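Remember, it's a predicted structure, so these values are computed and weren't measured experimentally.
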Amino acid sequence: MPIYAYKCDSCGFAKDVLQKVSDPLLTECPHCGKSSFSKQVTAAGFQLKGSGWYATDFKGGSGATVAAPAAAGDAAAPASTPAAATTETAAAPAAGCAGGCACHS
């Protein structure tokens with residue numbers, strides 16, 4: 001059930017009310033009793049973020065990609081697969097190794 005913000009135009013009393021969408025609007029102020037209690041316009045309590053919100057976006061498979069979390073200053077983060085990330089780190093030689101050691105042969 002959504003939470004609606006109400007405010008009285010007469011006395012300034014404000015209250016958040018948990019109501020069903022089908023419930024009638026409240027008009028009488030519980031503080032002063034006048035019929036100047038009205039619903040306020042407020043911002044949504046959530047934000048939709050990510051590459052998409054379709055059923056196919058979260059299903060596994062050979063073509064599925066996982067979006068990397070964006071840093072605070074990034075406009076968009078490139079998508080990568082978890083397998084590619086582990087392959088890149090395993091193939092890269094360690095500092096001072098030059099790839100000729102037993103661990104990379």
Side-chain angles (χ1 to χ4, degrees):
M1 281 194 294
I3 298 173
Y4 295 104
Y6 283 87
K7 185 175 182 182
C8 180
D9 294 331
S10 296
C11 68
F13 177 75
K15 183 177 182 179
D16 293 337
V17 181
L18 182 67
Q19 285 184 296
K20 292 180 183 178
V21 176
S22 60
D23 286 347
L25 297 176
L26 301 178
T27 56
E28 187 176 319
C29 177
H31 189 257
C32 69
K34 294 184 181 178
S35 61
S36 58
F37 207 47
S38 59
K39 188 164 56 168
Q40 302 293 299
V41 177
T42 58
F46 64 94
Q47 295 179 353
L48 300 176
K49 291 184 177 181
S51 63
W53 294 95
Y54 298 98
T56 57
D57 288 345
F58 299 103
K59 292 184 179 177
S62 61
T65 60
V66 177
D74 290 348
S80 64
T81 59
T86 57
T87 305
E88 291 173 12
T89 56
C97 174
C101 64
C103 66
H104 289 101
S105 54

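- Residues Gln19 and Leu26 come closest through the heavy atom pair NE2-CG, 3.8 Å.
- Annotation: the span from Met1 atom CE to Ser22 atom OG amounts to 9.5 Å, rounded to 0.5 Å.
- Within 6.0 Å of CD1 on Ile3 lie no more than 12 heavy atoms contributed by other residues, nucleotides or ligands.
- Here the side chain of Gln40 pairs no donor or acceptor atom with the backbone of Ala14 at under 3.5 angstrom.
- Here the rule is side chain to side chain contact (heavy atoms under 4.5 Å, CB included) with Phe37, and of Glu28, Lys15, His31 only Lys15 fits it.
- Considering only residues two or more places apart in sequence or on other chains, Leu25 meets the side chain to side chain contact (heavy atoms under 4.5 Å, CB included) condition with Tyr6, Lys39.
- Side-chain contact of Ser36 with Ser10: a donor-acceptor pair under 3.5 Å is present, judged by distance alone.
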field: Candidate pair Asp23 and Tyr4, rule side chain to side chain contact (heavy atoms under 4.5 Å, CB included), full reasoning
entry: CA-CA 11 Å; Asp23 286 347; Tyr4 295 104; over 6 Å; no
